[in-house]
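Note that the structure is predicted; figures quoted are calculated from it, not measured.
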Amino acid sequence: MAQAQRFRALLDLCKRRGFLFQSAEIHGGLRGAYDYGPLGVELKKNIAQSWWRRNVYFRDNVVGIDTSIVTPHNVLKASGHVDEFTDALVDCLLTKERFRPDKAPPINFKQDKGQSSGKISIHSPDKETAKLWEQKIQNELAPGAVVTRQGKEVLLHVKEMTTTTYGKQSGSIVLETTSGSNLTIPYHGYAEPATNSPFLTDERPFNLMFKTFLDPIDPIDRVIKTTIENNTSDARTIRDQVDNVLRPSTVYLRPETAQGVFINFNQVMRTMKTKLPFGIAQMGKSFRNEIRLEHAIFRTPEFEQLELEYFTAPWESSAWFQYWQKDRLAWWLEHANNKGDIRTRNHEADEMAHYAKGCMDVEYKFPWGWGEVEGVANRGNYDLTQHMKATGENFEVLEDKPDVSSHLKETALVTSVPQEPTRFVPTVIESSCGLNRALLAFLCDAFQQVQEPGKESRTVLKLHPRFAPVKCAIMPLTGNAEFQPYVEKVARSLRRQGLYTVIEAQKLRIGKRYYRHDEIGTPFCITVDHQTLEDQTVTIRDRDTAEQHRIPITDVSSIINEKIWGDEAPELD
Ligand code: ATP
């Protein structure tokens with residue numbers, strides 16, 4: 001199956017079996033908004049829980065926190081988000097599409113053989129639109145340019161072109177004109193992604209934060225009264241006046257969970273008596289007004305993050321940065337079937353925030369290509385310092401006898417340890433994993449089409465047992481009433497252990513019931529049959545091998561627990 005077709009089949013399965021629904025579908029839906037159905041919510045919770053277990057419960061020096069989503073202006077002003085949390089935005093003057101230039105492809109220019117001239121083909125959705133676009137180019141966007149049509153394609157005739165790549169010096173496109181003179185339009189290394197149109201606005205920064213107002217009285221009324229009525233100032237001045245009026249009630253939906261951790265640094269130190277190095281973990285929703293929403297839940301305005309801020313002494317920070325890069329990659333690999341579909345990528349210096357000292361992405365090979373699923377960054381002491389400056393709070397830590405953490409003693413990356421008592425603002429190593437992207441990546445990784453000889457092809461979702469929404473399905477072989485007490489006994493023993501267990505008493509053949517559970521990734525099926533009545537044993541069937549074994553009813557929960565958790569976090573130190 002081609003990649004795009006496989007992805008559609010996966011999304012279809014997600015809808016059909018209750019993983020993922022379009023939000024507000026009965027009202028026409030909302031683009032980029034998704035609801036997680038009964039199985040999706042379990043899968044998401046299980047991934048988050050695995051992350052939490054590994055990063056909090058398995059360690060002595062990491063604690064959790066859960067901070068407010070609604071964030072005051074001052075916090076995000078201090079962190080730099082109000083002024084700098086922007087993406088570049090470009091509008092296409094022809095199609096009205098809006099896109100991010102850093103993610104857009106270079107223009108597709110078909111050069112005439114051995115010549116500098118050639119054609120740029122703009123793809124329109126239909127012939128009618130092609131006609132309208134041809135006129136718009138000739139009348140407004142490039143008056144006098146030679147433009148022709150070929151079906152749905154609108155062709156620009158190009159004399160020559162100087163190419164460039166995004167972020168580098170501008171190039172140009174010289175168009176042929178009916179008068180024979182030159183008509184030049186700028187080229188910045190990209191075209192509108194859907195149509196290949198080169199008629200674009202300049203780039204402008206676009207702040208990704210959702211702004212709202214915490215005010216019982218509609219602040220817009222106040223704005224109108226105090227600034228707009230009888231105002232003769234220019235638009236910029238009015239905008240500044242409006243912002244000033246709104247400022248006291250302006251809040252944002254947080255764009256990352258991290259800032260809530262930084263502003264609580266002293267509260268956590270005080271209440272938990274923590275000593276460096278230590279971490280604060282947080283999982284929760286973040287919001288970004290993304291310019292382009294894409295690939296189902298890959299990029300959405302509302303998403304969840306699993307973030308760990310790990311605070312270290314500056315002399316250990318490089319060693320810890322290396323440790324966390326390795327450890328986070330290990331978690332990804334531990335839970336994936338196809339290890340080759342996960343890789344890491346170090347950021348170039350010009351990709352990083354100016355304060356960051358290093359950044360590595362974990363990427364997954366999605367059906368449309370490699371995409372970031374997690375970032376691990378050395379944020380230096382930038383965030384804590386910014387909040388100190390803005391508030392007067394002191395986040396410095398005193399180390400009486402500066403030392404090196406025991407298991408970093410052999411690491412060459414540890415740098416000059418001070419010999420006397422030292423005060424400093426800790427360095428932060430952050431790992432920031434997108435929960436929804438993780439869910440999508442693990443679903444893609446698990447989705448397998450199985451073709452057995454003489455049978456219809458069917459789907460097996462080979463999710464890691466720790467992630468599988470339903471851990472165990474219990475099936476009476478037939479409707480025999482004598483099976484029921486055994487079914488309930490096994491179900492109770494698993495449910496008491498916190499394992500999501502369903503009783504599958506449908507009147508379907510047992511094989512069909514197994515297949516229905518393979519399709520949603522249930523790793524184990526337990527069947528109660530006539531032999532159970534005689535010797536209190538049941539069969540346990542494994543999703544991946546389809547093998548079945550008889551085991552005593554009393555061993556079911558310990559065997560399943562061992563299979564799910566037995567090899568968790570193998571190399572954690
Ligand atoms: P991208 O370059 O894809 O926009 P980013 O570098 O801005 O991502 P970070 O700020 O590093 O992302 O956020 C950490 C993680 O949060 C990302 O690795 C991703 O998994 C997740 N994430 C960020 N933005 C979104 C979004 N709009 N929808 C879903 N997940 C997101």
Side-chain angles (χ1 to χ4, degrees), residues 84 86-208 234-236 239 289-294 299 348 350-351 368-369:
E84 294 183 29
T86 54
D87 278 337
L89 167 78
V90 168
D91 286 304
C92 177
L93 298 165
L94 184 65
T95 66
K96 301 288 173 221
E97 276 298 309
R98 192 158 266 190
F99 65 95
R100 267 175 73 172
D102 57 325
K103 305 268 178 196
I107 202 155
N108 186 353
F109 171 47
K110 288 213 178 68
Q111 226 163 324
D112 300 329
K113 220 171 186 181
Q115 308 284 320
S116 58
S117 60
K119 296 209 177 42
I120 290 172
S121 177
I122 304 174
H123 324 300
S124 81
D126 50 55
K127 284 188 187 169
E128 275 309 298
T129 314
K131 222 181 266 175
L132 291 174
W133 285 2
E134 181 191 14
Q135 283 161 11
K136 187 161 181 183
I137 296 168
Q138 283 170 332
N139 297 337
E140 284 176 39
L141 302 175
V146 177
V147 187
T148 54
R149 271 184 293 120
Q150 220 168 53
K152 295 190 292 184
E153 302 296 307
V154 180
L155 302 173
L156 299 178
H157 296 242
V158 175
K159 272 190 181 166
E160 59 182 340
M161 180 171 169
T162 32
T163 56
T164 181
T165 47
Y166 176 69
K168 301 280 167 352
Q169 222 181 3
S170 292
S172 60
I173 302 169
V174 182
L175 298 175
E176 267 182 44
T177 57
T178 42
S179 66
S181 61
N182 285 353
L183 179 64
T184 306
I185 56 173
Y187 175 59
H188 300 292
Y190 51 83
E192 196 275 297
T195 62
N196 197 40
S197 160
F199 298 108
L200 309 172
T201 63
D202 287 341
E203 279 178 37
R204 58 190 191 283
F206 167 82
N207 195 297
L208 295 174
D234 61 82
R236 180 70 248 169
R239 177 79 225 189
N289 199 356
E290 297 277 0
I291 293 164
R292 213 181 172 89
L293 305 167
E294 50 187 2
R299 190 181 300 284
E348 303 291 333
D350 62 358
E351 264 185 280
W368 59 89

> Could you go step by step and tell me if D126 and K152 meet the salt bridge (charged side-chain N to carboxylate O under 4.0 Å, His left out) rule?
Replying inline: CA-CA 5 Å; D126 50 55; K152 295 190 292 184; over 6 Å; no
> In Å, rounded to the nearest 0.5 Å, how long is the span from CZ of R98 to OG1 of T201?
Replying inline: 8.5 Å
>> For N196 versus I107, what's the shortest heavy-atom pair and its separation?
In response: OD1-CG1, 3.3 Å
>> Given 3.5 Å as the limit, does a donor-acceptor pair link the side chain of T178 with the main chain of G144, or not?
In response: yes
> Between S172 and T184, is a side chain to side chain donor-acceptor pair (under 3.5 Å) present by the stated rule, with each step listed?
Replying inline: CA-CA 7 Å; S172 60; T184 306; 5.9 Å; no
>> Determine whether a donor-acceptor pair (N or O, by modelled atom type, separation under 3.5 Å) exists between the side chain of Y166 and the backbone of K103.
In response: no
> Looking only at side chains, do H123 and T195 share a donor and an acceptor under 3.5 Å apart?
Replying inline: no
> Can you name the closest pair of heavy atoms from E192 and T95 and give their distance?
Replying inline: OE1-OG1, 3.7 Å
> Does R292 offer a backbone N or O that forms a donor-acceptor pair with the side chain of E290 under 3.5 Å?
Replying inline: no
> Do S124 side-chain atoms and E153 backbone N/O form a donor-acceptor pair below 3.5 Å?
Replying inline: no
> Taking all non-hydrogen atoms of both residues, which atom of A88 and which atom of P101 are closest, and how far apart?
Replying inline: O-CD, 3.2 Å
>> On a heavy-atom basis, which atom in T162 and which in Y187 lie closest, and how many Å separate them?
In response: O-CD2, 3.9 Å
> Picking from D91, L200, L89, what satisfies side-chain contact (heavy atoms from CB on, under 4.5 Å) with F99?
Replying inline: L200
> So, for V154 and E134, which heavy atoms are closest and what is the spacing to 0.1 Å?
Replying inline: CG1-CA, 4.4 Å
>> For a quick test of reading the model, state the closest non-hydrogen atom pair linking L183 to A145 and the distance between them.
In response: CD2-CB, 4.0 Å
>> Could you check whether any side-chain N or O of Q111 sits under 3.5 Å from a backbone N or O of Q115, counting only pairs where one atom can act as donor and the other as acceptor?
In response: yes
> Under 3.5 Å, is there a donor-acceptor pair linking the side chains of D112 and S117?
Replying inline: yes
>> To the closest 0.5 Å, what do you measure between CG (L175) and CD1 (I185)?
In response: 5.0 Å
> Do you see a donor-acceptor pair shorter than 3.5 Å between the side chains of H188 and T164?
Replying inline: no
> Are any non-hydrogen side-chain atoms of D102 and Y190 less than 4.5 angstrom apart?
Replying inline: no
> In Å, rounded to the nearest 0.5 Å, how long is the span from CD of E176 to NZ of K119?
Replying inline: 7.5 Å
>> Nearest 0.5 Å, please: how far is OG1 in T148 from CG in L155?
In response: 4.0 Å
> Could you state the interatomic distance from OG1 (T163) to NZ (K168), rounded to the nearest 0.5 Å?
Replying inline: 12.5 Å
> Can you tell me how far the CD atom of E140 sits from the CG atom of L94, to the nearest 0.5 Å?
Replying inline: 9.5 Å
> Do the side chain of D87 and the main chain of F206 share a donor and acceptor less than 3.5 angstrom apart?
Replying inline: no
> Of all residues at least two apart in sequence or in a different chain, which pass the side-chain hydrogen bond (donor to acceptor under 3.5 Å, both in side chains) check with K159?
Replying inline: N182
>> side-chain contact (heavy atoms from CB on, under 4.5 Å), that's the test. Do F199 and L156 meet it? Break it down for me.
In response: CA-CA 11 Å; F199 298 108; L156 299 178; 3.9 Å; yes
